[in-house]
Amino acid sequence: MINITLPDGSVRQYNQGVTSFEIAQSISEGLARNVLAAKVNGSVWDITRPINEDATVQLLTWNDEEGKNTFWHSSAHLMAEALEELYPGVKFGIGPPVENGFYYDVDLGEQSFSQDEFAKVEQKMLELARTKNEFVRREVSKAEAVDYFTQKGDEYKLDLIKDLEDGTITFYTQGNFVDLCRGPHLPNTSSIKAVKLMNVAGAYWRGDESKKQLTRIYGVTFPKQKELTEYLERLEEAKKRDHRKLGKELELFAFSEKVGMGLPLWLPKGTLLRERLEQFMRKAQVKAGYQPVVTPHIGSKELYVTSGHYEKYGADSFQPIKTPNENEEFLLKPMNCPHHCEIYKTRPRSYKELPVRFAEFGTVYRYEQSGELHGLTRVRGFTQDDAHIFCRPDQVKEEFIKVIDLVLYVFKALGFEDYTAQISLRDPENKTKYIGTDEVWEKAESAIIEAAAEKGLRTVTELGEAAFYGPKLDFMVKDALGRKWQLGTIQVDYNLPERFQLEYIGADNAKHRPVMIHRAPFGSLERFVAVLIEHCGGNFPLWLSPEQFAILPISEKYHDFAQEVYNKLEEEDIRGFVDNRDEKIGRKIRDAEVRKVPFMLVVGEKEQENNAVSVRRHGEGDLGSMTVDEYIKMFKSKIAETLNK
RNA sequence: GCCUCCAUAGCUCAGCUGGUAGAGCAACUGACUUGUAAUCAGUAGGUCGUUGGUUCGAUUCCGACUGGGGGCUCCA
């Protein structure tokens with residue numbers, strides 16, 4: 001007999017060789033029906049694999065990440081089996097589960113594969129699933145594995161086997177399909193009831209551009225048809241929040257082929273939104289001790305040779321602009337830091353005045369590969385809410401805390417709650433690729449870690465993700481489709497102070513090198529607005545709304561009164577418009593609702609008599625009538641609520 | 001950049017197997033003077049992304065180009 005410890009701490013006795021499935025059966029029939037995989041002593045196993053010694057066992061179902069992954073991993077094999085039947089000679093790369101489903105990288109040789117063939121593959125998968133083929137695990141020697149795939153002629157699997165240790169290799173077989181696989185898998189294919197291939201894409205073998213490009217087929221499967229239907233509906237919902245769609249509908253920004261790809265045009269309403277964000281940040285930054293500066297959009301090539309950016313990015317960047325006569329070379333500004341370094345250098349600095357903080361909404365241009373562009377989140381010209389802090393090494397932690405405070409203030413004012421912070425440190429195994437001494441790195445790294453901890457941030461730490469010039473802290477948020485975007489960033493830099501020979505005079509009357517901190521709470525205005533649009537589905541916080549009210553006169557007779565109300569609101573810096581079209585009130589309300597205007601102010605005979613407005617809130621409906629002054633008061637208190645915590 | 005899909009009116013889209021195009025909304029004009037999510041009628045608007053080719057004939061088929069979407073980290 002062996003002892004099996006379950007997650008609740010209870011210990012049960014079973015015969016040696018018991019399977020997780022049998023354990024599930026002994027607990028309840030329902031659990032036995034739903035169990036997909038099991039975590040045995042911390043590693044995920046097939047539920048049909050015998051357990052031969054005392055172990056802790058956690059049974060995994062569809063509700064567990066690992067259970068789902070097992071389901072999708074098996075689905076990837078099922079798809080591979082279907083592909084092999086339909087496209088003889090197909091070779092396989094890798095086929096893992098991913099966040100929403102799975103994919104398999106395949107080499108179809110001369111055969112092409114497009115979306116038109118999805119239905120055929122889906123049919124075949126369902127047909128194979130119904131045969132209830134078992135997934136059979138088998139340990140094989142490296143020689144046998146090599147032998148099998150040599151015979152099959154699958155060079156990708158051979159490439160994978162090459163890196164595996166003999167004695168750790170397993171095959172999984174279901175039906176006629178044999179795959180090199182660590183597992184685990186479902187007991188059999190029959191629980192895969194709903195299948196949908198999502199899309200097809202190219203992917204380089206092992207993510208290496210120099211290697212062959214395989215066809216990556218994405219799919220998703222579910223144990224029930226209903227779950228697939230719901231999943232597809234959720235996707236549709238998410239699409240409605242897409243910032244590119246809403247940006248067009250709400251007339252915030254646009255792109256033009258003539259202007260060039262990746263170069264956003266900000267429309268009047270988008271500009272209003274953007275300016276509000278800028279104002280908000282300016283105010284917060286002045287309070288936090290930043291000094292605004294302005295620098296030009298180009299800089300001489302020398303500037304970037306000094307900063308090192310020319311060497312690193314020069315070749316695959318927008319190329320230098322030349323003056324016609326002197327042949328001087330200028331670069332479009334790809335970042336603001338070198339300019340700010342030169343501002344720092346305009347006069348000697350004393351340790352007493354540090355830290356100095358230069359802030360600029362600097363528009364920069366970077367050459368992104370055409371396939372990397374995406375709406376407003378990845379563009380070729382964008383404006384950073386940039387600032388550079390020059391401080392003494394002993395001030396790094398304090399400055400970090402202040403910047404984190406600023407970022408958190410911004411996130412709070414804009415309703416971002418679901419974010420994570422990533423601390424990127426250097427790779428301890430490979431310290432040589434970083435500039436700066438061990439001592440300053442250790443100091444800065446611990447400063448970041450302590451600052452994040454003191455602020456109670458939810459963090460993940462990534463070793464080796466630091467820039468070569470210093471460690472950093474990034475804030476990540478998810479968009480409507482679950483894709484992760486980096487917003488705010490705080491980076492320590494030892495490189496530029498060195499390259500620009502920045503100095504300050506210390507208390508000892510000697511020259512010292514300051515530490516530079518780059519930081520951008522929004523990241524870029526463009527990306528921030530994009531994520532904000534998706535985050536709030538186009539219903540911006542009241543203070544940011546480009547159109548905060550719409551005055552809707554019942555008929556032409558009340559246009560004068562409407563204008564009166566409008567003027568009064570404008571004086572109070574509340575923005576909106578009067579809808580004086582010859583339309584019925586119902587129509588005006590509908591249009592304002594569609595435009596996501598937060599407040600609709602209906603004015604007619606009653607309102608004119610009482611100097612009042614009939615207030616309707618977007619998405620909520622009629623709030624009743626109030627005087628214009630009362631409305632202004634209510635409006636302002638609502639804004640104060642969000643902005644002053 | 002590479003793989004793949006897409007490109008028709010300002011917007012959203014229809015147009016079967018090749019015979020030079022339609023709808024709804026928006027715009028414009030007129031009537032209606034309106035009380036909480038679409039008043040009615042009329043008018044105008046397209047070199048069917050660009051460019052080669054096949055064809056008697058191409059929005060439709062093939063190629064190239066341009067632009068856009070999805071993907072190119074997630075180690076069997």
Side-chain angles (χ1 to χ4, degrees), chain A residues 69 73 76-77 80 92-99 102-105 108 112-116 145 149 154 156-164 168-172 178-183 198-218 239 242 244-245 248-249 251 254-262 316 367-375 465 481 483-484 552-559 581-595 600-607 614-625:
Chain A
N69 282 345
H73 192 178
H77 280 228
F92 295 96
I94 58 168
V98 286
E99 200 170 341
F102 57 89
Y103 67 78
Y104 219 119
D105 282 347
L108 289 153
S112 71
F113 187 79
S114 76
Q115 291 182 8
D116 303 337
F149 283 106
D154 193 326
Y156 306 104
K157 293 292 176 189
L158 287 169
D159 192 30
L160 293 168
I161 294 167
K162 198 176 71 206
D163 300 334
L164 296 175
T168 64
I169 301 175
T170 50
F171 276 7
Y172 273 83
V178 180
D179 202 358
L180 171 73
C181 183
R182 179 164 45 202
M198 299 306 288
N199 66 61
V200 52
Y204 297 103
W205 174 234
R206 307 210 131 178
D208 182 345
E209 280 188 44
S210 67
K211 298 210 166 111
K212 181 158 184 186
Q213 189 157 34
L214 305 180
T215 305
R216 175 167 297 181
I217 305 170
Y218 284 88
K239 274 191 198 152
D242 191 312
R244 291 164 304 187
K245 181 175 152 68
K248 191 183 268 182
E249 283 172 4
E251 298 180 1
F255 289 91
S256 148
E257 249 182 70
K258 272 228 175 68
V259 172
M261 61 165 111
D316 13 64
Y367 171 77
E368 302 287 355
Q369 291 196 72
S370 63
E372 305 241 307
L373 300 173
H374 176 89
E465 283 293 303
L481 297 165
R483 286 179 295 216
K484 270 193 191 166
L552 313 178
I554 296 287
S555 82
E556 214 173 331
K557 282 185 243 163
Y558 312 107
H559 281 185
R581 294 175 301 169
D582 287 349
E583 295 289 349
K584 285 189 169 175
I585 193 68
R587 174 56 184 270
K588 293 182 183 182
I589 283 169
R590 193 194 126 81
D591 288 348
E593 288 279 355
V594 170
R595 278 164 78 165
M600 285 148 273
L601 310 175
V602 178
V603 293
E605 194 180 349
K606 283 179 282 179
E607 288 75 17
S614 178
V615 181
R616 182 188 163 98
R617 183 81 221 243
H618 170 76
E620 287 174 27
D622 200 347
L623 299 184
S625 181

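Note: hydrogens, waters and symmetry copies are ignored here, and every other heavy atom, side chains too, is used. Convention: sequence-line order gives letters A, B, ...; per-chain numbering from 1.
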**Inter-nucleotide C1' distance (B/rU33, B/rA27), Å rounded** = 22 Å

**Message:** Checking A/K245 now: which residues fulfil salt bridge (charged side-chain N to carboxylate O under 4.0 Å, His left out) with it, not counting sequence neighbours?
**Reply:** A/E249

**Request:** Ignoring backbone atoms, establish whether A/R587 has a side-chain N or O less than 4.0 Å from OP1 or OP2 of B/rU39.
**Result:** yes

**Item:** Presence of A/Y103 side-chain N/O under 4.0 Å of B/rC3 phosphate oxygens OP1/OP2
**Value:** no

**Message:** Can you measure A/M198 atom CE to B/rC5 atom C1' for me and round it to whole angstrom units?
**Reply:** 14 Å

**Asked** Is there a side-chain polar atom (N or O) of A/K584 under 4.0 Å from OP1 or OP2 of B/rU36?
**Response** no

**Message:** Within the 4.0 Å heavy-atom criterion, would you say A/L160 contacts the bases, only the backbone, or no part of the nucleic acid?
**Reply:** sugar-phosphate

**Nearest-angstrom distance, C1' atom, B/rA21 to B/rU60** = 12 Å

**Rounded interatomic separation in angstrom, taking CZ from A/R206 and C1' from B/rC75** = 7 Å

**Side-chain N,O (A/H559) to OP1/OP2 (B/rU33) below 4.0 Å** = no

**Request:** Would you please enumerate the stems RNA chain B participates in, each stem being three or more consecutive Watson-Crick or G-U wobble pairs with both distances under 3.5 Å?
**Result:** B:1-7 with B:66-72, B:10-13 with B:22-25, B:27-31 with B:39-43, B:49-53 with B:61-65

**Asked** Is the A/F149 to A/F171 ring centre distance short of 6.0 Å?
**Response** yes

**Asked** Would one find a side-chain N or O of A/R244 under 4.0 angstrom from OP1 or OP2 of B/rG69?
**Response** yes

**Message:** Whole angstroms only, please: what is the CG-C1' distance between A/L214 and B/rC75?
**Reply:** 14 Å

**Message:** From the set B/rG70, B/rC32, B/rG35, return the single nucleotide nearest to any side-chain atom of A/D582.
**Reply:** B/rC32

**Asked** How far, in whole Å, is B/rC48 from B/rA41 if one measures between their C1' atoms?
**Response** 30 Å

**Complete:** Rounded to whole Å, CZ of A/F102 lies from P of B/rC74 at a distance of 17 Å

**Prompt:** Nearest-Å distance, CD1 (A/I217) to P (B/rU4)?
**Reply:** 12 Å

**Item:** P gap between B/rG19 and B/rU29, integer Å
**Value:** 38 Å

**Request:** State whether the number of non-hydrogen atoms from other residues, nucleotides or ligands found under 6.0 Å of A/E605 atom CD is greater than 12.
**Result:** no

**Prompt:** Looking only at atom types and distance, does a side-chain atom of A/S614 sit under 3.5 Å from a main-chain N or O of A/S625, one as donor and one as acceptor?
**Reply:** no

**Prompt:** Between B/rG49 and B/rC40, how far is it from one P atom to the other, in whole Å?
**Reply:** 33 Å

**Message:** How many whole angstroms separate atom CZ of A/R595 from atom P of B/rU36?
**Reply:** 21 Å

**Prompt:** What distance, rounded to whole Å, do you find between the two P atoms, one in B/rA58 and one in B/rU50?
**Reply:** 15 Å

